[in-house]
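As structure tokens, the structure follows; a few thoughts come after it.
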Amino acid sequence: MGNSAALPDDDTKSLDNYLFYTNQLKSQPNGDTVDGIYNKWFGNFDLLEEHHGYIQYLFPIRLGGMNASSQPLTKHESELFRKDPNIKQRIIKSYRLMLDFYGLVLEDENSGKISRNPITFKERFYNLNTSSHNYLRITRILKCLGVIGLEHFKPYFLNHMIIEMFKYNNLTNAKDSLIRYWLPTLRKEEHLIYFDNLIKELSNGKRIVKRIKNSLDGDGFGDEANEVTWQNIYYDSGFNVDLENDEYFKSKDLIIHQDDPFAHLR
């Protein structure tokens, strides 16, 4: 089933995403079951870069994407995902897979804290900096995390990426996507303001984010700013991340993992 538009809010029969995440359906085209992807694709960077049909299955959202064979996530499926701890664990594993592809490591699956992979990051950052279709993938990943109850993962990912870009001058081609699309997936305004200010601080005032409400000028509020949908409502999962006092954020620096945790897959 493929459709780039959202499905009706009362649709309870379209279950492709649920069937995929319960290992009953293969991704299309030329894909695999979710466990098959974990077992065969994890660490296969060339395949993850060149195959364009899996990301909509691993990270479904309300609107479809470039894969006509995939199904947009329904409100009903989102509710099933949020209630099923096994599905949530699989989505965390999907997140690990993509972080590894980007040269990053999920340090703590409870908080969402991430680190840099010291062995692979140079190669993976080069790929990410020169393959802009991955910026759309990251937007999708962040939206999906919010929808299924992992909104609290977002601040740690975004904090890391801001420091990579504006403190260490990595991934410079992704700066606009970070500001205009990744950050606006946050649903707590105080978090958005914090990170906008962090960009200004780390860039020594050279990059000032300007978000003007009810205007097309400036950096905007993302591609969902004027949409009130079940997806927006589901984003905020009632979490609390203290950006001002948490030592991780106060350091304004990176965590570097001690080794490559998936070296055995290379």
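Every heavy atom of this structure was used, including side-chain atoms; hydrogens, water molecules and symmetry mates were not. Being a predicted model, the structure only gives us computed values, none of them experimental.
- Applying the side chain to side chain contact (heavy atoms under 4.5 Å, CB included) test between Q71 and each of D16, L19, L25 identifies D16 as the sole match.
- In F125, the CZ atom is crowded: over 12 heavy atoms of neighbouring residues, nucleotides or ligands sit closer than 6.0 Å.
- Put simply, the side chain of K143 does not reach to within 4.5 Å of the side chain of L63, judged on heavy atoms.
- Taking the ring centre of F166 as origin, the terminal cationic atom of K175 falls inside the region bounded by 6.0 Å and 45° from the ring axis.
- At a threshold of 4.5 Å between non-hydrogen side-chain atoms, the residues N117 and P261 count as touching.
- With hydrogens and angles disregarded, a donor-acceptor distance shorter than 3.5 Å links the side chain of H51 to the backbone of P29.
- Using a 3.5 Å distance cut-off with no hydrogens or angles, the side chains of Q28 and N67 do not pair a donor with an acceptor.
- A pairwise comparison of heavy atoms in D242 and F249 identifies O-CD1, 4.3 Å as the closest pair.
- The CZ atom of F20 lies 11.5 Å from the OH atom of Y54; values are rounded to the nearest 0.5 Å.
- Ring to ring, Y21 and Y57 are not that close: their centroids are 6.0 angstrom or more apart.
- Following chains of ILVMFWY side-chain contacts shorter than 4.5 Å, one cannot reach L97 starting from I119, and the two form parts of different hydrophobic clusters.
- The residues R124 and D100 are annotated as not salt-bridged, no charged nitrogen and carboxylate oxygen being separated by less than 4.0 angstrom.
- Both Y168 and L178 are part of a single hydrophobic cluster, where members link through side-chain heavy atoms under 4.5 Å apart.
- The two residues C144 and P60 come nearest to each other via the heavy atoms SG-O, 3.5 Å.
- Side chains of I199 and M165 form no contact here, defined as non-hydrogen atoms less than 4.5 Å apart.
- Two residues are said to be in side-chain contact when any heavy atoms from C-beta on lie closer than 4.5 Å; L183 and L192 meet this criterion.
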**Item:** I138/Y181 under side chain to side chain contact (heavy atoms under 4.5 Å, CB included): CA gap, chis, key distance, verdict
**Value:** CA-CA 9 Å; I138 290 173; Y181 297 104; over 6 Å; no
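- Checking side-chain atoms of E77 against main-chain N and O of N17 turns up a donor-acceptor pair under 3.5 Å.
- Taking CG of N86 as the start and OG1 of T22 as the end, the distance is 10.0 Å to the nearest 0.5 Å.
- Listed by chain and residue number, E107, K113, S115, Y248 satisfy the side-chain contact (heavy atoms from CB on, under 4.5 Å) test with I255 (two or more places apart in sequence, or in another chain).
- Here the side chain of K167 pairs a donor or acceptor atom with the backbone of K252 at under 3.5 angstrom.
- By the 4.0 Å N-to-carboxylate-O rule, R90 lies too far from D84 to be salt-bridged with it.
- Across every non-hydrogen atom of L99 and V105, the tightest pair is CD1-C, 4.4 Å.
- For the pair I91 and F59, the tightest heavy-atom approach, listed with the atom from each and the gap, is O-CE2, 4.4 Å.
- Separation of atoms OG1 (T185) and CG (L142) is listed at 4.5 Å; rounding is to 0.5 Å.
- Annotation: side chain of R62 is not in contact with side chain of D9 (no heavy-atom distance under 4.5 Å).
- Going from atom CG of L186 over to atom NE2 of H191 covers 7.5 Å, rounded to the nearest 0.5 Å.
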Identify each donor-acceptor pair in which a side-chain atom of residues 40-47 lies under 3.5 Å from a protein atom, sequence neighbours left out, and give them as a table.
{"unit_1": "K40", "atom_1": "NZ", "unit_2": "D32", "atom_2": "OD2", "d": "3.2"}
{"unit_1": "N44", "atom_1": "OD1", "unit_2": "L47", "atom_2": "N", "d": "3.2"}

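- When all heavy atoms are compared, the tightest approach of S111 to D108 is OG-OD2, 3.2 Å.
- In this model, no donor atom of one side chain and acceptor atom of the other lie less than 3.5 Å apart for T229 and Q231.
- Salt bridge status for D219 with R211: absent, with no side-chain N to carboxylate O gap under 4.0 Å.
- F81 and I61 sit in two unconnected hydrophobic clusters of ILVMFWY residues. Membership requires side-chain heavy atoms under 4.5 Å apart, directly or through other members.
- Hydrophobic clustering (side-chain heavy atoms under 4.5 Å, transitive across Ile, Leu, Val, Met, Phe, Trp, Tyr) groups L265 together with L58.
- Counting heavy atoms from C-beta on, the side chains of R187 and E151 come closer than 4.5 Å.
- Residues H76 and D11 form no side-chain contact, since every pair of their non-hydrogen atoms from C-beta on lies 4.5 Å or further apart.
- Surrounding CG of N30 are at most 12 heavy atoms belonging to other residues, nucleotides or ligands under 6.0 Å away.
- Between W182 and I162 there is no side-chain heavy-atom pair separated by less than 4.5 Å.
- For the atom pair CG of L158 and CD1 of I179, the computed distance is 11.5 Å after rounding to the nearest 0.5 Å.
- Around CD of E190, the count of heavy atoms belonging to other residues, nucleotides or ligands within 6.0 Å exceeds 12.
- Residue K26 places its NZ atom among 12 or fewer non-hydrogen atoms of other residues, nucleotides or ligands, all under 6.0 Å distant.
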Note to self: Applying side chain to side chain contact (heavy atoms under 4.5 Å, CB included) to L136 and I55, what does each step give before you reach the verdict?
What the structure shows: CA-CA 10 Å; L136 296 173; I55 197 73; over 6 Å; no
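- We find that R82 and E79 are not joined by a salt bridge, their nearest charged nitrogen and carboxylate oxygen being 4.0 Å or further apart.
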Under the side chain to side chain contact (heavy atoms under 4.5 Å, CB included) rule, what do L243 and N159 come out as? Steps first, then yes or no, please.
-> CA-CA 10 Å; L243 301 178; N159 185 75; over 6 Å; no
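- Contacts of Y102 classified as ring-ring contact (aromatic ring centres under 6.0 Å, His included), with partners at least two apart in sequence or in another chain: none.
- Remark: aromatic rings of Y95 and F153 are close, center separation under 6.0 Å.
- N129 places a side-chain N or O within donor-acceptor distance of the main-chain N or O of N173, the cut-off being under 3.5 Å.
- Residues G103 and T120 share a closest heavy-atom pair of CA-OG1, 3.8 Å.
- Note that CG of L150 is 5.5 Å distant from NE2 of H152, once rounded to the nearest 0.5 Å.
- Seen from the ring of F262, R96 does not count as a face-on cation partner, given the 6.0 Å and 45° thresholds.
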Practice problem: Tell me, with the steps shown, if R137 and F101 meet side chain to side chain contact (heavy atoms under 4.5 Å, CB included). | Solution: CA-CA 12 Å; R137 288 175 169 180; F101 176 59; 3.7 Å; yes
